[in-house]
*Asks:* 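Could you have a look at this structure, given as structure tokens, before my questions?
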Amino acid sequence: MRSERGGPVSGPGDPLRNRNQREGTLRLLSVMTQAEIKLCSLLLQEHFGEIVEKIGVHLIRTGSQPLRVIAHDTGTSLDQVKKALCVLIQHNLVIYQVHKRGVVEYEAQCNRVLRMLRYPRYIYTAKTLYSDTGELIVEELLLNGKMTMSAVVKKVADRLTETMEDGKTMDYAEVSNTFVRLVDTHFVQRCPLVPATENSDTGPPPPAPTLVVSEKDMYLVPKLSLIGKGKRRRSSDEDATGEPKAKRPKQTTDNKEPIPDDGIYWQANLDRFHQHFRDQAIVSAVANRMDQTSSEIVRTMLRMSEVTTPSGAPFTQPLSSNEIFRSLPVGYNISKQVLDQYLTLLADDPLEFVGKSGDSGGGMYVINLHKALGSLATATLESVVQERFGSRCARIFRLVLQKKHLEQKQVEDFAMIPAKEAKDMLYKMLSENFISLQEIPKTPDHAPSRTFYLYTVNILSAARMLLHRCYKSVANLIERRQFETKENKRLLEKSQRVEAIIASMQATGAEEAQLQEIEEMITAPERQQLETLKRNVNKLDACEIQVDETIFLLESYIESTMKR
Amino acid sequence: MAGNKGRGRAAYTFNIEAVGFSRGEKLPDVVLKPPPLFPDTDYKPVPLKTGESEDYVLALKQELRETVKRMPYFVETPEEKQDIERYSKRYMKVYKEEWIPDWRRLPRELMPRKKCIKAGPKSKKAKDTGKGPSLTNPADVLKKIEEDDAAEQEEYDEEEQEEENDYINSYFEDGDDFGVDSDDNMDEATY
């Protein structure tokens with residue numbers, strides 16, 4: 001949730017003005033609410049541990065700071081702060097900037113931290129589009145922040161080989177191909193580059209490299225010939241339990257091969273995934289509202305606009321009916337006339353997902369992305385009102401939405417709900433900020449007796465309010481899950497120990513009776529307790545995932561609105 | 001907005017009906033405390049979505065949660081002493097791969113400091129500065145040098161300790177492919 005502000009207003013000679021000028025651009029200050037900060041804290045802690053969480057949250061709260069100030073303000077040792085910053089920068093959660101006098105300052109990318117909630121969805125999407133190979137590629141990129149292509153290919157080939165039958169291995173070439181396809185469709189992109197330095201003997205090296213973003217090279221795959229196959233973990237390396245031996249000699253560095261794409265790093269392109277989710281939501285909405293064929297037509301139009309429409313555009317580039325007809329999926333047998341009828345129907349629909357922008361080429365059509373997001377956000381709000389306050393309240397809400405501004409009396413009349421109840425419902429929605437009151441004075445003195453008080457729905461502010469509640473909800477869900485796990489910590493540990501003992505006994509060839517005995521160390525009521533815990537944790541996890549879907553819709557709508 | 005209030009009488013200056021209740025009507029009690037922490041809800045929440053893809057994403061999420069704990073990016077806090085040494089702990093220890101950042105992409109100040117020889121330029125400098133203020137008291141000078149050394153030593157000890165704890169041995173033998181993608185540029189100080 002971004003509150004867009006330019007740099008503070010300043011006059012000549014103002015120190016802030018100089019700072020802005022030096023940085024060259026207006027800084028967009030992102031203000032985080034307490035709910036967002038709490039959620040970021042929980043996410044960072046689960047992903048990276050408490051030390052990284054402390055540093056990350058500190059930066060989110062205070063904005064841009066240099067290394068020593070961070071260490072001092074958080075009471076953390078310099079070494080730990082350095083390590084935390086390395087981790088955060090690696091994962092694109094913190095950026096650095098070199099300021100005057102060579103001071104480097106670090107800044108948290110607040111909204112990016114919240115994206116960690118969505119990692120499972122990104123990975124699953126990659127699976128649906130590019131199957132297991134794609135899934136693992138995106139997973140490795142998200143787990144490691146950024147990687148070279150050669151590293152990704154090797155790691156994924158190894159992982160896939162593990163799952164294959166004995167004797168079979170995954171070829172690097174196949175993984176490479178999938179990687180290239182992910183890049184071609186923009187799901188994976190290049191990271192900013194360290195510019196090649198000319199060897200200047202004059203002057204000391206800069207305190208930090210200035211990374212350069214190259215738009216034209218963003219999706220340029222280096223010519224690599226990665227030849228090889230995935231390797232399984234050799235079983236001789238593991239002792240009886242399947243765990244690695246205790247002492248491993250430190251690897252010598254004399255068998256280091258040169259990395260062919262050294263310095264060229266890749267990351268997951270989250271915006272592209274968001275575009276995909278948005279398209280999915282629109283197609284699904286059209287399917288629900290109209291029919292399968294309409295949704296397929298809309299899906300085709302969105303697919304055609306994938307790389308031509310910039311992210312954040314309010315509508316797609318116009319597409320002619322002829323073009324759409326040619327691009328329909330193979331095997332979709334509708335005639336040109338039928339297509340035109342569908343397009344007309346879609347364009348006439350009051351939701352305005354599709355708009356007609358011209359008559360050439362059989363009719364020019366666009367997808368109204370911003371309007372579609374607005375409709376989805378509104379539908380979300382309606383749904384929440386219905387589930388929280390009941391269907392009569394929802395009827396009032398929809399009424400006010402439709403009529404834009406209504407007086408108390410008008411609400412009672414239109415909704416056909418008795419006055420007392422209507423008032424009660426309106427005030428309830430008002431107190432929770434789903435509805436707002438607008439004053440329209442009839443006279444310049446704003447006398448209450450001569451002022452219209454109109455109920456209205458301000459979709460943007462209601463969406464913001466709901467988004468804030470969603471962040472709070474997810475934070476609550478995570479905390480509850482952690483609480484449940486902690487409550488049962490002793491039992492969980494016991495269960496893990498028993499499993500470890502059983503595993504080691506099985507490997508050394510213990511008898512069935514002996515294993516049975518060990519299993520019985522966990523009593524029946526304890527098993528029950530573990531079952532209940534598992535069920536609860538699953539429910540809480542599933543909740544988090546589904547609330548994030550709502551978060552995505554609301555964020556997309558708010559972002560789209562702020563960009564106009 | 002001027003206007004006399006009727007002497008001795010309470011007269012509203014606007015139509016009270018418009019606000020929503022009439023004169024003399026019983027209004028709800030004033031709320032004197034914050035709302036309850038877990039209020040009763042009139043309406044129960046809608047059940048969660050279920051299905052194959054939902055199940056898969058759930059499993060993925062839980063797997064990821066466990067995986068990130070084993071990655072080298074998860075920085076452990078120094079553990080508190082366990083009260084009883086558990087036999088099975090031996091079998092559950094996870095060995096983390098080492099992660100060395102690509103220092104070419106990071107500010108130089110983030111690199112861990114290299115160990116310097118303690119008896120060298122630093123102690124010389126300490127001696128020199130010590131000479132200034134308390135020339136007369138050699139004990140003081142020695143103390144100052146000791147303090148400086150101790151501080152340095154502390155920092156270095158910390159670093160050494162850190163290296164032993166954080167950079168734990170590799171999980172498995174990678175053979176001849178180890179180190180291919182890790183950047184061992186720690187000895188390079190320049191860009």
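Residue numbering restarts at 1 for every chain, and letters A, B, ... go by the order of the sequence lines. The figures here come from the full heavy-atom set of this structure, side chains too, leaving out hydrogens, waters and symmetry mates. Nothing here was measured: the structure is a model prediction, and the numbers come from that model.
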*Asks:* Relative to chain B, which segment of A:Val104 carries a heavy atom at a distance below 4.5 Å: side chain, backbone, both, or neither?
*Replies:*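 For A:Val104, backbone and side chain are both near chain B.
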
*Asks:* So what's closer than 4.5 Å to chain B heavy atoms on A:Glu46: side chain, backbone, both or neither?
*Replies:*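 Both backbone and side chain.
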
*Asks:* Can you tell me which of B:Leu110, B:Thr67, B:Val46, B:Val68 forms the most heavy-atom pairs within a distance under 4.5 Å of chain A?
*Replies:*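 Most pairs with chain A among the choices: B:Leu110.
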
*Asks:* Salt bridge or not between A:Asp541 and B:Arg65? Use side-chain N to carboxylate O under 4.0 Å.
*Replies:*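 Salt bridge: yes.
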
*Asks:* Go through it in stages, so that I can follow the logic: the residues are A:Ser77 and A:Asp79, the test is side chain to side chain donor-acceptor pair (under 3.5 Å), and I'd like the CA-CA distance, side-chain angles, deciding distance and then a yes or no.
*Replies:* CA-CA 5 Å; A:Ser77 78; A:Asp79 281 323; 5.5 Å; no

*Asks:* Quick one: list whatever passes side-chain hydrogen bond (donor to acceptor under 3.5 Å, both in side chains) with A:Tyr124, sequence neighbours left out.
*Replies:*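 Checked A:Tyr124 against side-chain hydrogen bond (donor to acceptor under 3.5 Å, both in side chains); zero matches.
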
*Asks:* What residue in B:Ser53, B:Ala59, B:Pro45 has the most heavy-atom pairs under 4.5 Å with chain A?
*Replies:*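 Looking at each of B:Ser53, B:Ala59, B:Pro45 in turn, B:Ser53 comes out on top.
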
*Asks:* Between A:Glu387 and B:Lys44, is there a salt bridge with N-O shorter than 4.0 Å?
*Replies:*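 No, B:Lys44 and A:Glu387 are not salt-bridged.
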
*Asks:* When you look at A:Tyr265 and B:Asp102, which way does the side chain to side chain contact (heavy atoms under 4.5 Å, CB included) test go after all the steps?
*Replies:* CA-CA 10 Å; A:Tyr265 292 93; B:Asp102 185 346; 2.6 Å; yes

*Asks:* Tell me, for A:Phe389 versus chain B, whether the close heavy atoms (under 4.5 Å) come from the side chain, the backbone, both or neither.
*Replies:*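 Answer is backbone: N, CA, C or O of A:Phe389 sit under 4.5 Å from chain B.
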
*Asks:* Between B:Lys69, B:Lys49, B:Met71, B:Glu54, which has the largest tally of heavy atom pairs under 4.5 Å with chain A?
*Replies:*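 Heavy-atom pair counts peak at B:Lys49.
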
*Asks:* So A:Gln90 and B:Leu106, do their side chains get closer than 4.5 Å, heavy atoms only?
*Replies:*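 A side-chain contact under 4.5 Å is absent here.
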
*Asks:* So which residue, A:Leu211, A:Asn144, A:Ile123, ends up with the most heavy-atom pairs under 4.5 Å with chain B?
*Replies:*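 Winner by heavy-atom pair count: A:Asn144.
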
*Asks:* Provide the closest heavy-atom pair for A:Val98 versus A:Ala208 in the form atom of the first, atom of the second, distance.
*Replies:*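 That would be CG2-CB, 3.8 Å.
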
*Asks:* Please check if the side chain of A:Gln80 supplies one atom and the backbone of A:Ile51 the other of a donor-acceptor pair under 3.5 Å.
*Replies:*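 No: the side chain of A:Gln80 does not pair with the backbone of A:Ile51.
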
*Asks:* Find the one option among A:Leu88, A:Leu143, A:Thr128 whose heavy-atom pairs under 4.5 Å with chain B are most numerous.
*Replies:*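 Among the listed options, the one with the most contacts to chain B is A:Leu143.
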
*Asks:* Looking at A:Ala84 and A:Ile55, what are the two nearest heavy atoms and their distance?
*Replies:*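 Answer, listing the atom of A:Ala84 first, then A:Ile55: CB-CG1, 3.6 Å.
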
*Asks:* For A:Arg481, which atoms come within 4.5 Å of any heavy atom of chain B: side chain, backbone, both, or neither?
*Replies:*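 Contact with chain B involves the side chain of A:Arg481 alone.
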
*Asks:* With a 4.5 angstrom heavy-atom cut-off, is it the side chain or the backbone of A:His446 that approaches chain B, or both, or neither?
*Replies:*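 Looking at A:His446, nothing touches chain B.
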
*Asks:* Measure distances from A:Asp158 to the heavy atoms of chain B and classify the residue's part below 4.5 Å as side chain, backbone, both or neither.
*Replies:*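 Nothing of A:Asp158, per the 4.5 Å heavy-atom cut-off to chain B.
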
*Asks:* Do you know which of A:Glu407, A:Met147, A:Arg388, A:Glu53 has the most heavy-atom pairs under 4.5 Å to chain B?
*Replies:*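 When all of A:Glu407, A:Met147, A:Arg388, A:Glu53 are compared, A:Arg388 has the most.
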
*Asks:* Could you look at A:Lys539 and say if it's the side chain, the backbone, both or neither that has a heavy atom under 4.5 Å from chain B?
*Replies:*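 Both the backbone and the side chain of A:Lys539 come within 4.5 Å of chain B.
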
*Asks:* Can you say whether A:Glu549 sits under 4.5 Å from chain B via the side chain, the backbone, both, or neither, judging by heavy atoms?
*Replies:*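 Just the side chain, heavy atoms under 4.5 Å.
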
*Asks:* Please look at B:Thr50 and chain A and tell me whether the side chain, the backbone, both or neither of the residue comes under 4.5 angstrom of a heavy atom of that chain.
*Replies:*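 No part of it gets close to chain A.
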
*Asks:* Counting only non-hydrogen atoms closer than 4.5 Å, does B:Glu109 touch chain A with its backbone (N, CA, C, O), its side chain (CB onward), both, or neither?
*Replies:*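 Both parts, heavy atoms under 4.5 Å.
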
*Asks:* Assert yes or no for the condition that the ring centre distance of A:His47 to B:Tyr73 is strictly below 6.0 Å.
*Replies:*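 No; B:Tyr73 has its ring centre 6.0 Å or more from that of A:His47.
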
*Asks:* Please classify the contact of A:Glu135 with chain B as side chain, backbone, both or neither, using a heavy-atom distance under 4.5 Å.
*Replies:*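 For A:Glu135, side-chain heavy atoms alone lie under 4.5 Å from chain B.
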
*Asks:* Under the side chain to side chain contact (heavy atoms under 4.5 Å, CB included) rule, what do A:Lys423 and A:Glu412 come out as? Steps first, then yes or no, please.
*Replies:* CA-CA 8 Å; A:Lys423 263 171 235 165; A:Glu412 293 161 24; 4.0 Å; yes

